Each structure stands twice: as structure tokens, then as C-alpha cells.
Amino acid sequence: MKPTIRRCAFLAFLFFILSPYSQAQSNAQISGQVTDASGYAIASVRIIAQPQGTRSSQTYETTTASDGTYSLALPPGSYHAHFEHATFVPHHLTLQLAPAESRKLDVRLEIAQLSENVVVTANGQPLEVSQTPAPVDLIGREEIDQRQTVLLPDLLATQPGIAITRTGTVGGLTTVFVDGGNSGFTKVLVDGTPINLPGGDVDFSNLTLDNVDKVEIVHGAESALYGTDAMSGVIQIFTHRGTTRTPEAALFAEGGSFSSVRGGAQFSGALAGFDYSASGSYFHTDGQGVNDADLIRSYTGNVGYSFSDSNQIRLSVRSNSSFAGTPGQTLLLPADPSAFYDLQQLSANLSWSFQTSAHWTHRVSATEARYFSNSGFPPFGNALNQANRAGGWAQSTYSFQHGAFTAGYQYEVENATSSGFGFVHGHRNNQGGFLDGRWSPISRLTVSAGARAEDNTSFGTRVVPRAGAVLAVRYAQGFWGDTRARVSYGQGIEEPTILESFNTDPCSLGNPNLRPQRSRTLNVGVDQYLADDRFRVSATYFANQFRDLITFVVVPQTGCPFGDTQVLNTDLSRARGVNFSAAMRLLRWLSLNGNYSFDDTRVLRSSSSSTGVQVPGDHLLRRPVNSGNVWLNANYRDFTFNVNAYFTGVRTDSDFDGFGLTRNPGYARFDVASSYSIGRGISLYARATNLLDKQYQDAIGFPALGRDVRVGMNYRFAGKN
């Protein structure tokens, strides 16, 4: 018996030792590489395999290496496999694996356009921010919610390189300056639709952030992609897209200082290939003085249908309307009790994106933007302005190993009328073709270049180029992390306004021979990551020159009480400076962000210097030399709290009323916001802007809003996939 016992014990021991080896021998294995549409390897993709048809909750996971490769051993069977990365659309598939099977599985991920790590505006196709040469600032929905920001200009004012001018407390004309450029030198897009006035700027006064998922700010001339208006930067607003199978709804209501009332709703979801999102909001305030009330209504919609993963159609529509009292420069003159400003802005975009092969992707879109304003100045009458831009855009992108090439064509029709002290109508048919390419000859380097030929009714044909490069100087972990260097160069053009080209007033004739205003911009920057990517510090030097600037020159003439106004391309200016930004994750629930901008603008040549406004050597109007922002945010369990401190230095300005004021003092402003979730989708929130009730003015004579405190409640029914 003893030999038998010993033999059984030995066999049991041998089975115990060899069993894992035998199981390993029977395991299947999947391996491969994960890349983007251009074949660029994607690191840190999370791969999750979940057994199918069993009650086991066990899952198998791995992540891709720096070259995008992965390997995962699995017991034989059926699996749901998921490939996930924050920057890309998740990819799902089903696998059936036999014992000892070795399967090579290469996966290509589509980039997620609404991701906070993806830049859509700065390139011919969406790219990760790390591959984009131009300086870009991205603002996501989370930041918008945490700050409880209602209007777009209040959000933009805290970004590096941006200055805001508002002629009034609420509802007054609001314009944006990017890196020292004029207010009309920034192209503004809503879901791809340009909303600038023909040859002009954008009034941001009624642009709310309802149903907005992301805002992208691209610094530098981008006329090589977008044609006219993109002289010093591009700002694009992206509206929300539904993602949840169960419909998601949100209702909110708030009230506070100056008899302010605001309410609205948002509804979104997705079913099969169809996704939808819609919102509506209402805001009213009495303001802080005589004739200072404002009313804003906003409606948005975004619907899409996917015929397949590579074939989608989408329609987005956005409407913003407002009616505001305009008391004028009440710090210098008595308030006007009856003047008003009625503003309506509408944009729409219908686009079709599809693939014809693994390498070719295409996009076709139709755009429409309408603008209407009525400025009333009793008893002098009204000034009516109407404009629309309608056009089409088509582009094709060929993606190859470590690169892509895009060719596109745009056609646009512009119409505008203006009536006040006369009547002006203008019509332009514009078109342009562009080429844009990107190539990564080595994994650390991405270079890009492009050009556009723009044919404009007013100034003929102009060609504008751009080029840039991104170099990963260092890949590292630990305290001293990755280092990335960027350089970009671009040229911009700006068409004349309708008044400048088509005015028929004999004392202020338009000039049909005007050349386009032009810019040359250079940006050189570096991004440094620290402490295992918990800290990021960025610095960008910019040097911008603006040439052939259009100005009005007044000469005496009989029959013209104010002289003959001539429109000429004479002025020259420049802007040089540095934009700094930093983001720090202090704790898992606590973050600190900040930025500082030094913007040294100068008038180099001016035909209107005899008036005492903008003499050569002066800083450009309403662009502070120094400005900055610090934002502390805490998000602990069901409670959020953040404080935002913004400051701006002295600005050169003019009252334009003969008082001789040319200096606008600087100021510092503090905003706080907080929210608390009480459960079942209900949360309470409160915010205070200009907490210390600082008296300041963004434009001389126009007082800013004092301390504004509001409290509200939000109900959200969040669906799940």
C-alpha cells in the first residue's frame, strides 16, 4: 500500500505544479497596435475584455505602450472587448477565441471631436492638442459648470491673450481682442458656421453658453484655413450632442440682484444611430441704473444621424436675441432714458461626413448666419443693420502613415444693408481653395503647412500661407516630465466692411479699391509637465504685425458739415508679448489654474493722429498691457466651490466725446461660485460676480455691473447607456 500512496501523492503534486502551465499553454492571446486615422500610434489606450455568456464578473485588462502595441492573454471563450481613451471614440467588438489561438488585432480609433484633449479648429482635421503647432486654449463643459458662467464673453475674459470691451453693464456692445488684434480680426464659428459681420466683428453681448460643450480659442492668423476675418485668431463654439440611450433632461431657475431672473431647460439623448439635443433659456434683469434693463432669449438644437460608423449627417441651429436699454456713458454724461439696442443672431449648419476608404474621409457642409440690429436714439431715429452669410464648404482628407493631407473649397455669399443717416446695400460673392498637410517624420516631431487662395469681390485674389511644427523634446516620468516645443507662422487677411466698400453718402463715399487688411503672426511656445503630469506650465511668445489697416481720413469739403470722409489703407500697427498659463492638480479634489498676459501693442503709422487719437507710439485702444487670472476650484463629494480672481492693468482708451480722456485705470475683480447636490438629481447653487463691488469700466464712461449675487436650483435627470 505504501508504494501506491507515494505514487498517488507524487501524481497529485505533479498535477498541481503543471496545471498552471497547462492552462497557460491552452490560453489564447490577442495582440496588435492601436492607431489613429493617420496611422499614428496611440499610447495609454485601455483594453478591457469581459467574458460573454457567463455569470463571472472577472475582466481582463491591459494598456497600450508608447508605440501603441499591446498583448493580452485570455482563456478560450467569447468576449466583449473595449478599447477606450479619453481623446478617442470608444471601440467595441466581440471575439471568439479557441484554445492556444494567437490573433493579431490592429484597431484604428476615431478621434472624439468634443473631447477636451482634441482640437478641431486649428487643423484640416481634428487632432490631439499635443500635435497642434498653434497655441490653443480649450474650455470644456465641466469648467463652464464649475464657474457657472452664463455669457461667453465673461468666460473669454479670463483666458490668456484676450481682452474684452463692453459698452455698458449688460446688453451693451461687447467685442473681443485676441493677442493685440482689432476686434474684427478674430473669426468666430458656431459648429463650423462663421458669424462675423461681413468684414467686421462679432457682438458677443447675447451669446450665452446654454447647450455648449466646448469652446476652442486658436491664437495666430488662420486665414490659410478660414479665409477672411482670421487675422489674429479663431474662436469656435461647439454645441452639445446627445449620448445617452435614456433621455437626459435638465431644468434650472435662478434669481438675484437687480431683479434678475433666469430659467431654462435642456433635453438630449441617443437612440440607435440618431442623437439629439435641444435647449431654451430666458434671462431678464433691470440693471443698475436708468434704462439699463436687458432681456435675452436663447434657443439651440443639434441633431445627427449615423448611417454607419463612417457615414454621419448633422444639423445644428442656434438663435440668440436680446433687447437692452442703452443709457450711454453715464460716468460722463446724463443717462439717455429712451435709447435701446435690439439684437438678433441666428446660425445654422448642415454637414455630411463620410469615408470612401480606410484612407479617405470627406466632409460637405452648408452654412447660414443672419444678423439683425436696431439701435434706437429718440428723437434722432433708428439705425437698422441686417446681414447674412450663406455658403458651402467641401473638403477631402487622405490619411497615410504618420500624416494626412487635406484639400478643400469654400464658396460664400454676403449681403448686408445699413440704414440710419443714409442707406447702404452691399453684396459679395467670395470663394477660396485651400491645401493643408501634416506629417510626422519621427515620433517626436509633427510638421504642418498649408495655403489658401482667396478670391473676394472687393479686393480680388490673395494667397495666404501658414506653417508650424511641434517637437516632443523630452518624454519622462517623475517630477520633471514631458517637454514640448511649438512654433507656428501664419498670414491673415480681412475684407473691408460693407460701409467701407459700398457707402453711397457723398460726404462719406465707400472705396471699392480698398486692399484687404493683412497680418503676419509668429508664435513660439513651450509646454512643461511636472510631478507625474499633475502640473503643467506653458509659455508662448507672439509677434504680430497688422498692415494696410483701413482708416477714415476727414478733409474739408463744401456741402459736408463734418468734412469729406475718405476711406484708405494707410495704418500700421504691431503687437508683441507673452502668454503664460499653468494648471495644477493640488489634490484629487482641488485644482489651481492661472494665466498672465503681457501684450505690448503699438501704433506705428496713423492717418488720424491729427485728431489726437492713436498717435504713433501709442498703445492700441482698449488692449491692456498686463492682465491675468487665477482660478481655484474644489470639487469634494457633493459640494463644489471655486473662486476666480481677474485683473487688468491700465489701458489706452478714448471717450470720443471731447473730454480728452485717454487712460482707463486697471482693476481687479473677484467672482465666487458654489453648488451642492442634495440627491435625486436636485442641486442648489449660488454665485457672486464682482464680489467686492469694484467700480470699474471696460470702456471709458461705461460703468461695469456692480456686485451681482444669484441663487438657483437645478434638476437633472441623467440617463444611462
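None of the values given here were measured: they were computed from a predicted structure.
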Visitor: Quick test of your reading of the model: are Asp179 and Arg576 salt-bridged, counting only N-O distances below 4.0 Å?
Guide: no
Visitor: Does a donor on one side chain sit under 3.5 Å from an acceptor on the other, for Arg574 and Gln545?
Guide: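 The answer is no; no qualifying pair exists.
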Visitor: Between Ser353 and His362, is there a side-chain donor-acceptor contact under 3.5 Å, judged purely by atom types and distance?
Guide: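 No pair is found: no donor N or O on one side chain lies under 3.5 Å from an acceptor on the other.
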Visitor: Between the side chain of Arg651 and the main-chain N/O of Thr648, is any donor-acceptor distance below 3.5 Å?
Guide: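 Checking the backbone N and O of Thr648 against the side chain of Arg651, no donor-acceptor pair under 3.5 Å is found.
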Visitor: Taking only residues two or more places apart in sequence, or in another chain, which ones meet Arg363 in a salt bridge (charged side-chain N to carboxylate O under 4.0 Å, His left out)?
Guide: none
Visitor: Could you tell me if Tyr409 and Gln431 have a donor-acceptor pair between their side chains, going purely by distance under 3.5 Å?
Guide: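 A pair is found: one side chain offers a donor N or O, the other an acceptor, under 3.5 Å apart.
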Visitor: Taking atom types as modelled and ignoring hydrogens, do the side chains of Thr193 and Asn349 form a donor-acceptor contact shorter than 3.5 angstrom?
Guide: yes
Visitor: Short question: side chain of Arg474, backbone of Gly481 - any donor-acceptor pair under 3.5 Å?
Guide: yes
Visitor: List in chain and number order the residues that pass salt bridge (charged side-chain N to carboxylate O under 4.0 Å, His left out) with Arg518, two or more places apart in sequence or in another chain; answer none if no residue qualifies.
Guide: Asp548
Visitor: Are Val578 and Ser597 packed together at the side-chain level, in the sense that at least one heavy-atom pair is separated by less than 4.5 angstrom?
Guide: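 No, side chains not in contact.
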Visitor: In terms of side-chain geometry, is the basic nitrogen of Arg462 or Glu454 positioned less than 4.0 Å from the acidic oxygen of its partner?
Guide: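 No, this pair does not count.
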Visitor: Could Asp527 and Arg486 be called an ion pair, given the rule that one side-chain N must be under 4.0 Å from one carboxylate O?
Guide: yes
Visitor: Taking the side chain as every heavy atom from C-beta outward, state whether Leu109 and Val45 have any pair of such atoms under 4.5 Å apart.
Guide: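 Side-chain contact under 4.5 Å: yes.
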Visitor: For the residue pair Phe434 and Trp393, does the interplanar ring angle fall in the parallel (under 30°), tilted (30 to 60°) or perpendicular (over 60°) class?
Guide: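 Tilted: the ring planes of Phe434 and Trp393 meet at 30° to 60°.
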Visitor: Identify which one of Thr239, Asn302, Asp191 satisfies the side chain to side chain donor-acceptor pair (under 3.5 Å) criterion when paired with Ser316.
Guide: Asp191
Visitor: Decide if the gap between the ring center of Phe185 and the ring center of Phe546 is smaller than 6.0 angstrom.
Guide: yes
Visitor: Just by distance, no angles: are the side chains of Thr300 and Asn211 close enough, under 3.5 Å, to form a donor-acceptor pair?
Guide: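 Side-chain D/A pair, Thr300 to Asn211: present.
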Visitor: Less than 3.5 Å apart, which donor and acceptor atoms pair up between the side chains of residues 585-592 and the rest of the protein, not counting sequence neighbours?
Guide:
from: Arg585; atom 1: NH1; to: Arg588; atom 2: O; distance (Å): 3.4

Visitor: Do Thr158 and Asn644 meet the criterion of a side-chain donor-acceptor pair at a distance under 3.5 Å?
Guide: no
Visitor: Would you check if the distance from the ring center of Trp360 to the ring center of Phe354 is below 6.0 Å?
Guide: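 Centroid distance Trp360-Phe354: not below 6.0 Å, so no.
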Visitor: Could you go step by step and tell me if Thr446 and Arg438 meet the side chain to side chain contact (heavy atoms under 4.5 Å, CB included) rule?
Guide: CA-CA 7 Å; Thr446 300; Arg438 173 180 57 86; 3.6 Å; yes
Visitor: Check whether Asn629 reaches the backbone of Gly594 with its side chain - one donor and one acceptor, N or O, closer than 3.5 Å.
Guide: no
Visitor: Measure from the side-chain N and O atoms of Lys214 to the backbone N and O of Leu138, and report whether any donor-acceptor pair falls under 3.5 Å.
Guide: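 No; zero donor-acceptor contacts below 3.5 Å.
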Visitor: Do His619 and Asp599 have side-chain atoms, one donor and one acceptor, less than 3.5 Å apart?
Guide: no
Visitor: Test Thr64 against every option in Val107, Val34, Thr69, Thr35 by the side chain to side chain contact (heavy atoms under 4.5 Å, CB included) rule and name the one that passes.
Guide: Val34
Visitor: Is it the case that the side chain of Ser223 and the backbone of Ile493 share a donor-acceptor pair, with hydrogens and angles ignored and the cut-off at 3.5 Å?
Guide: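 Looks like yes, one N/O pair under 3.5 Å.
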Visitor: What are the two closest non-hydrogen atoms of Glu61 and Leu72, and how far apart are they?
Guide: O-CD1, 3.7 Å
Visitor: Consider only side-chain N and O atoms of Gln125 and Thr397, and report whether a donor and an acceptor are under 3.5 Å apart.
Guide: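 No donor-acceptor contact under 3.5 Å links the two side chains.
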Visitor: Hey, does Tyr226 have a side-chain heavy atom less than 4.5 Å from the side chain of Val234?
Guide: yes
Visitor: Under 3.5 Å, is there a donor-acceptor pair between the side chain of Gln312 and the main chain of Ser308?
Guide: yes
Visitor: Just do the salt bridge (Lys or Arg N to Asp or Glu O under 4.0 Å) check on Asp436 and Arg466 with the steps written out, would you?
Guide: CA-CA 9 Å; Asp436 192 68; Arg466 76 166 190 166; 3.0 Å; yes
Visitor: Could you go through the salt bridge (Lys or Arg N to Asp or Glu O under 4.0 Å) check for Asp106 and Lys104 one step at a time?
Guide: CA-CA 7 Å; Asp106 293 331; Lys104 183 174 177 56; 3.6 Å; yes
